**Student:** 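Take a look at the following structure, please.
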Amino acid sequence: MDWGAFLIDLLKILGGFIAGAIAGFFIARTYMKKYMKKNPPINEQMIKAMMTGMGRTPSQKQVNQMMKTMAKYMD
């Protein structure tokens with residue numbers, strides 16, 4: 001058994017796994033960013049319901065402020 005060839009093959013396999021994991025991470029991250037921008041996890045109706053549940057009637061200005069704040073942290 002040629003140990004030199006075995007180690008080179010093993011390094012190629014490990015390098016492939018590492019490169020695949022790195023590429024997969026960045027592809028998944030890009031996909032999730034695009035998905036979250038298209039389908040935000042919270043919308044105006046949810047903010048209104050949350051504020052109403054806390055016992056206050058939200059104005060449209062307050063809702064817009066919260067949406068702007070949420071959008072700032074989503075980027």
Side-chain angles (χ1 to χ4, degrees):
M1 182 171 184
D2 184 17
W3 287 101
F6 174 74
L7 289 177
I8 290 173
D9 290 341
L10 186 62
L11 288 175
K12 286 180 185 177
I13 291 171
L14 289 176
F17 279 133
I18 292 170
I22 291 170
F25 169 77
F26 285 109
I27 290 169
R29 181 174 157 225
T30 304
Y31 173 78
M32 287 305 294
K33 278 188 173 183
K34 190 182 341 177
Y35 179 82
M36 293 302 261
K37 191 172 270 309
K38 186 176 178 184
N39 302 311
I42 192 164
N43 57 23
E44 289 185 13
Q45 290 89 9
M46 290 176 166
I47 290 174
K48 287 179 183 178
M50 180 181 65
M51 292 179 101
T52 304
M54 290 189 300
R56 54 186 300 196
T57 308
S59 67
Q60 188 61 38
K61 182 179 178 182
Q62 290 171 329
V63 173
N64 290 342
Q65 273 182 322
M66 288 198 64
M67 287 299 292
K68 197 179 290 184
T69 303
M70 298 279 294
K72 185 173 91 175
Y73 288 110
M74 290 300 292
D75 289 335

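Every value quoted in this text rests on a predicted model; they were computed, and no experiment measured them. Note that the numbering runs from 1 along the sequence shown for the chain.
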**Student:** Once side chain to side chain contact (heavy atoms under 4.5 Å, CB included) is applied, do any residues pair with M51, and if so which ones, sequence neighbours excluded?
**Tutor:** I47, M54, R56, P58, Q62, M66

**Student:** Among all residues two or more places apart in sequence or in another chain, which pass the side-chain hydrogen bond (donor to acceptor under 3.5 Å, both in side chains) test with D9?
**Tutor:** none

**Student:** Any idea which heavy atoms bring M70 and I42 closest together, and the distance?
**Tutor:** CE-CG2, 2.9 Å

**Student:** Report the residues that fulfil side chain to side chain contact (heavy atoms under 4.5 Å, CB included) with Q60, sequence neighbours left out, ordered by chain and then residue number.
**Tutor:** E44, K48, V63, N64

**Student:** If you look only at pairs with a residue in residues 6-53, which of them pass as a ring-ring contact (aromatic ring centres under 6.0 Å, His included), with sequence neighbours excluded?
**Tutor:** W3-F6

